[in-house]
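Numbers restart at 1 for each chain; the letters A, B, ... are given by sequence-line order, proteins then strands. Since we're looking at a predicted model, the values are computed, not measured.
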Amino acid sequence: MKNAEIARIFYEMADILEAQGVDFKPRAYRNAAMSIETLGKDIEDVYKKGKLKEIPGVGESLAMKISEYIETGKIKAYEKLKKKFPVDMKGLTSVEGIGAKTALVLYKKLAVKSLKDLHRAAKNKKIRKIKGLGLKTERNILANIDFAKESGKRIPIGKALPSAINVLRKLEESSTVEKAEIAGSLRRMKETIGDVDILVLSKKPSNTMDFFTKMKTVKKVLAKGKEKSAVILDDGLHVDLRLIPKDSWGSALMYFTGSKEHNVEMRKLAIKKGMKLSEYGLFKKQKMVAGKTEEEVYRKLGLQFVPPEIRQNSGEMEAAAKKKLPDLVELKDIKGDLQMHTKWSDGSDTVEDMAKKADELGYEYICITDHGGNLKIANSLDWKRVKKQRKEIDKVNRKSKVKVLQGLEINIRKDGTVDVPELLMKELDVVVAGIHANFKQDEKAMTKRMLKVLENRYVDIIVHPTCRMINERKPISFDKEKVFQKAADEGVVLEIDAQPSRLDLNDANSKKALGYGCMLSIDTDAHSAETLGYMHYGVGTARRAWATKKDILNCLSLKKMMKKLK
DNA sequence: GCCGTTTTCGGCCCGACTGTTTTCAGTCG
């Protein structure tokens, strides 16, 4: 797919145009780049159908440029810009404090083209001599260049959320705090987080700031002010605390929750309706008309309340205006968990432990899916041990309120066959299959492999379908269209693995799968009773994908769920 | 360069902060 390449070129053209002081075009290029990035369709197909101009933000001129790229592999206007300013814009502007304009000044005056050049220029004390820049800028550059290399690493939500909640609880216990809430991408349940934003309403601002910066878990105080403080915790998490005036609580929460793109659309809508929206409130001719709560702001703009998870400017504004937002799945809708491991294979607790915890969570059923087959993963069960385990499960079922089902997590071989005989699969309540080796097959082979396993009449659920590990392993590549369509046709359920290191399918792929009519299940893949509690991460991902409870297999009662399975 | 419940022209999100100025441009979120 050429989507990413074309988007990158447009982003870069935007930077160069902006550096030259061109008005408005940069925004147009960026808008188009973002649409293309998140298109969900192969841009070459769109081109072939002659529908480039239907992409939001793409008009006459950009459609020509896209066509040119697809036909010839390059864009003349881009080559021309690049020749004039052969600068690594993306690299240079990744340094905090350097934008397109500064990058261009540095190129013109000091021939800085790359981060390396920039580092050298700063070390040689050249920056301070440039008009418009100065000593502080030079020092900033030196300080931020190293930081730029180290940062950019976003923290997985599984680490950020518990830590942030811990801070939130402490704040709530403090006598000076009336209200505290997590905002930012964490509230939107994004899979990785840059830093955490916490908003507070305080009776005694200076005491609250003292309390915050002196918490035991604070490693370093980055800034301490009247309205905003920033710290780094022992675990490396960067947390910002902001004091919010009572009357602006809702508009501030909305502003700091983002996403940025959602906020921009909200402000545009406000203007269209003769108002103005900022973090301080919604105003009509200087007069505040809303701001205390988010609900109020959305209502005054004629919108349904938009849940944080889908504030991504990917259709939620239009749906909210038509009052047609989906009723997103909630944690309380979950009636069971269909993937987990016990001591029988590589888990750390017993069947009974899992059932007990599931009862605490209010579930109706769980399915034990220890590893099966002959692959050498983690103490896989053979037929004999499956039968022994069944006896133990029966025993637990005699006294457990939660119905315990027996399944196996089996392996999808290189050719799409599975490594467990049909007669054994037939005896199980649920069969879940996943890829555990040969991740690097090319797209064609991998697609074939997936299509083949989807035809297997005993396979109910494909677990962690893309096998990605956040920040660690890239997803396997297969043709999403073909595979999702096939899964829908065959009635095979695709999983959102709720392990915060996986979240697989991710939000975008889940949304795509739903578009093809697939059913999803949200399972924890727990290897201990405790981690059955990871369900909310999966639910967050499903919500980001606009999933309702009708889309989720394990929101069904036991009876209906079993009927849905192959 | 795009776009339209301000529709083929004239707009295009908002406010804070920083470092450089001497009233503001650039950058960021």
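- Judged by a 6.0 Å distance limit and a 45° cone about the ring axis, Arg544(A) is not positioned over the six-membered ring of Tyr537(A).
- The distance from atom CZ of Phe24(A) to atom C1' of dC9(B) is 14 Å, rounded to the nearest whole Å.
- Among the atoms of the strands shown, none is found under 4.0 Å from any heavy atom of Glu265(A).
- A straight line from CE of Met266(A) to P of dG29(B) spans 22 Å, rounded to a whole angstrom.
- Taking atom CZ of residue Phe256(A) and atom P of nucleotide dA16(B), one finds them 10 Å apart after rounding to whole Å.
- Checking Thr93(A), Leu92(A), Val112(A) one by one against Val87(A), the side chain to side chain contact (heavy atoms under 4.5 Å, CB included) holds for a single residue, Leu92(A).
- When the P atom is compared between dT21(B) and dT27(B), the two are found 15 Å apart, to the nearest whole Å.
- Across all strands, Pro56(A) comes closer than 4.0 Å only to sugar-phosphate atoms, never to a base (heavy-atom distances).
- Regarding contacts with the backbone of dT20(B), a side-chain N or O of Thr137(A) is found under 4.0 angstrom from either OP1 or OP2.
- For Lys53(A), no side-chain nitrogen or oxygen approaches OP1 or OP2 of dC3(B) to under 4.0 Å.
- The residue Lys268(A) sits close only to the backbone: its heavy atoms come under 4.0 Å of sugar-phosphate atoms, none of a base.
- Using a 4.0 Å cut-off, some side-chain N or O of Lys65(A) falls inside it from OP1 or OP2 of dG1(B).
- Side chain to side chain, Thr548(A) and Asp551(A) meet the donor-acceptor criterion of an N or O pair below 3.5 Å.
- A salt bridge is defined here as a Lys NZ or Arg NE, NH1 or NH2 lying under 4.0 Å from an Asp or Glu carboxylate O, and Glu294(A) with Arg187(A) meets this definition.
- Within the structure, a side-chain polar atom (N or O) of Tyr280(A) is placed less than 4.0 Å from OP1 or OP2 of dA16(B).
- Taking atom C1' on both dC9(B) and dG15(B), the two are 29 Å apart, rounded to the nearest angstrom.
- Using a 4.0 Å cut-off, some side-chain N or O of Lys101(A) falls inside it from OP1 or OP2 of dG26(B).
- Comparing Ile98(A) and Lys272(A) by the nucleotide of DNA chain B whose heavy atom lies nearest to each, the residue mapping closer to the 5' end is Lys272(A).
- Taking atom C1' on both nucleotides, dT23(B) is separated from dG29(B) by 25 Å, rounded to a whole Å.
- Here the side chain of Ile271(A) is nearest to one of dC14(B), dG1(B), dT27(B), namely dC14(B).
- Atoms CZ (Arg30(A)) and C1' (dC28(B)) sit 12 Å apart, rounded to a whole Å.
- Taking atom CG of residue Asp23(A) and atom C1' of nucleotide dG1(B), one finds them 12 Å apart after rounding to whole Å.
- Contact check on Glu12(A) versus Arg8(A) returns a salt bridge, with a Lys/Arg side-chain nitrogen under 4.0 Å from an Asp/Glu carboxylate oxygen.
- For Ile130(A) and dG26(B), the CD1 to C1' distance is 16 Å, given to the nearest whole Å.
- Base pairing of dT8(B) is not made with any nucleotide, judged by Watson-Crick or G-U wobble geometry with both donor-acceptor distances under 3.5 Å.
- Taking 4.0 angstrom as the limit, Asn263(A) places none of its side-chain polar atoms (N or O) nearer than this to OP1 or OP2 of dC14(B).
- Rounded to whole angstrom, the span from the NZ atom of Lys322(A) across to the C1' atom of dT5(B) amounts to 14 Å.
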